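Here's the structure, in structure tokens; my notes come after.
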Amino acid sequence: MILIEQMQQELQELEAKSNLRKLPGILHEGRDVIVNGQRMLNLSSNDYLGLANDIELRRDFLETLTPETFLPTSSSSRLLTGNFTACEQLEQQLATAFGTEAALVFNSGYHANTGILPAVSNARTLILADKLVHASLIDGIRLSAAKSIRYRHNQYDQLERLIEINHTEYERIIIVTESIFSMDGDEADLRELVRLKKKYANVWLYVDEAHAFGVRGDKGLGCAEEQECISDIDFLVGTFGKALASAGAYIVCRKVIREYLVNKMRTFIFTTALPPVIIQWTSFVFTRLPNFRQRREKLQLVSSKLKETLEHKGYVCPSSSHIIPMITGESSIAVRKAEELQRKGFYALPVRPPTVPEGTSRIRFSLTAEISEEEIVRLTT
Ligand SMILES: *Cc1c(COP(=O)(O)O)cnc(C)c1O
């Protein structure tokens, strides 16, 4: 009874600070959502290229399926009987596109980030992670036996000092970063990180491209393609649930790392593999990724337009991507702004602590190539 009362009290405290989370009742209609009977343009999803919404694409995919080939479950872990050909083919396809020795597919980005780091580190490992990395990476660090230090966001001089001080004390150091950051929409300088890690024989680089895969680079492979450093990144991870409009995640890496993960990675070993139909859909969309250049260009255009407008209005906007925060500070202001936007027909949501640091609550615009320039204007007036 006492425990239940404690829970209720904590929930009330969250509510008092405007930090209580609730699952929204939501209907989807194309690029719109309907919440509480109101139709709004969805500016909170990660469907960056509008592929989740592309009926033509889905129709073409469905034509490749029959009741015999439509497999909604893999019924097992990859290591038992869940290793369907479609999955190995997708991995081959990824390795070929990225020009790496190997690739490995996971059930989600959360599985990838919570599984890889514990697998490849031990008590003689030091993980140096950007202060703003995603919760899944934090959890991966926590699950590992490594010692860890967080460096100030994108502050590579501090990172370099930490490496200099520590590299002889540890067997290996792993630098962990995102390429495009989830909350500020700003970017890591991957080339600089590569330069840094190459100075030391025992420093590895782990990059999470969840928000950049599909969106950046000529072929849509991410910031590492854009910055021409794919082969210099030891653990290059991305997800299929965002721009690619599917589900799951991948790493592209050396062959030995793939084999090591297959043997050591608990979130790979102890889970039922993704359904073959999802793998096939991922593969189907991935094959077409180079063709979506126009959507990528459109996304960049509307993104810079929104950023300019916000800065013009006096907001400090750290973003250089399609994720654009409007930082209000107080949670209550963010909540009020979100309600205002929703009345105008834009479904943008407030992001509050603990997702972002105390005092930096914000509206987080997560843009899609399907928004028009005219709508960007209306959004900010
Ligand atoms: C979304 C996200 C993840 C999690 O990926 P899922 O496939 O949704 O589990 C991991 N890392 C980053 C940076 C993300 O934005």
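Remember, predicted model here, so these are calculated numbers, not experimental data. Atoms within each ligand, like the ligands themselves, are counted from 1 in listed order.
A donor-acceptor contact closer than 3.5 angstrom links the side chains of Thr287 and Gln93. Side-chain contact, Arg150 with Ser148: no donor N or O sits under 3.5 Å from an acceptor N or O. Ser108 and His111 share a side-chain donor-acceptor pair at under 3.5 Å. Checked by atom type, the side-chain pair Arg31/Asn42 shows no donor-acceptor distance below 3.5 Å. Judged purely by distance below 3.5 Å, without hydrogens or angles, the side chains of Arg21 and Thr355 pair a donor atom with an acceptor atom.
Taking the centre of each ring, Tyr250 and Phe98 come in below the 6.0 Å mark.
At a heavy-atom cutoff of 4.0 Å, ligand 1 is surrounded by Ser108, Gly109, Tyr110, Asn113, His134, Ser136, Glu178, Ser182, Asp208, Ala210, His211, Thr239, Lys242.
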